[in-house]
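Just below is one structure, and these are the notes that go with it.
For clarity, every value in this text was computed on a predicted model and none was experimentally measured. Computed over heavy atoms, backbone and side chain alike; hydrogens, waters and symmetry mates excluded. Throughout, numbering of the chain's residues begins at 1 and tracks the sequence.
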Amino acid sequence: MTRCNLSMLMGKYRYSIEDIHQKTGLARKTISNLYNDKATRIDFQTMEKLCTALNCSVDELLTVDINEQTEENNPAKVVNGNE
């Protein structure tokens, strides 16, 4: 599962959503979705603007936990009484 660390990075500098909006020109809704880790996708240009504003790399902004399984990639368990 991919996680966005925007809230942690913003907290490091004590930036608000409005601060990031002014620094990047990104929509407040976009920043809010990333901040609350609700976004399902992110544009390269958005990543570039955020990384520039927060002086961070992409791997600091986004992390991928390959060990965490989600419902999409977790095979359904077959229940038939023969387990």
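Distance alone, capped at 3.5 Å, is enough to place a donor-acceptor pair between the T24 side chain and the I20 backbone.
Among residues two or more places apart in sequence or in another chain, the side-chain contact (heavy atoms from CB on, under 4.5 Å) test is passed with T40 by none.
Interatomic distance, CD of E48 versus CG of D43, reported as 10.0 Å (0.5 Å rounding). If you take CD1 on I31 and SG on C4, they are separated by 11.0 Å, rounding to the nearest 0.5 Å. With values rounded to the nearest 0.5 angstrom, C56 atom SG is found 8.5 Å from L6 atom CG.
Inter-residue side-chain proximity for N36 and S7 is flagged as unmet; no heavy-atom pair is nearer than 4.5 Å. Residues L34 and L26 have side chains not in contact (no heavy-atom distance under 4.5 Å, counting atoms from C-beta outward). Between T30 and H21 the shortest side-chain heavy-atom distance does not fall below 4.5 Å. When side chains are defined from C-beta on, E60 does not count as touching L54, because their heavy atoms never get closer than 4.5 Å.
Remark: Q22 CD is packed, more than 12 non-hydrogen atoms of other residues, nucleotides or ligands lying under 6.0 Å away. When the shell of 6.0 Å around CD of Q45 is examined, it contains 12 or fewer heavy atoms from other residues, nucleotides or ligands. Residue N55 qualifies as open at atom CG: its count of foreign heavy atoms under 6.0 Å is 12 or below.
Across M47 and L62, no two heavy atoms sit closer than the pair SD-CD1, 3.6 Å.
Counted by atom type alone, S16 and D19 present one or more donor-acceptor pairs between their side chains at under 3.5 Å.
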Start with the C-alpha distance between M10 and I17, add both sets of side-chain angles, then the distance that settles side chain to side chain contact (heavy atoms under 4.5 Å, CB included), and finish with yes or no.
-> CA-CA 8 Å; M10 286 173 59; I17 288 175; 4.0 Å; yes
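Linking ILVMFWY side-chain heavy atoms closer than 4.5 Å, directly or via other members, places M1 and M8 in two distinct hydrophobic clusters. At a threshold of 4.5 Å between side-chain heavy atoms, the hydrophobic network of Ile, Leu, Val, Met, Phe, Trp and Tyr places F44 and L50 in one connected group.
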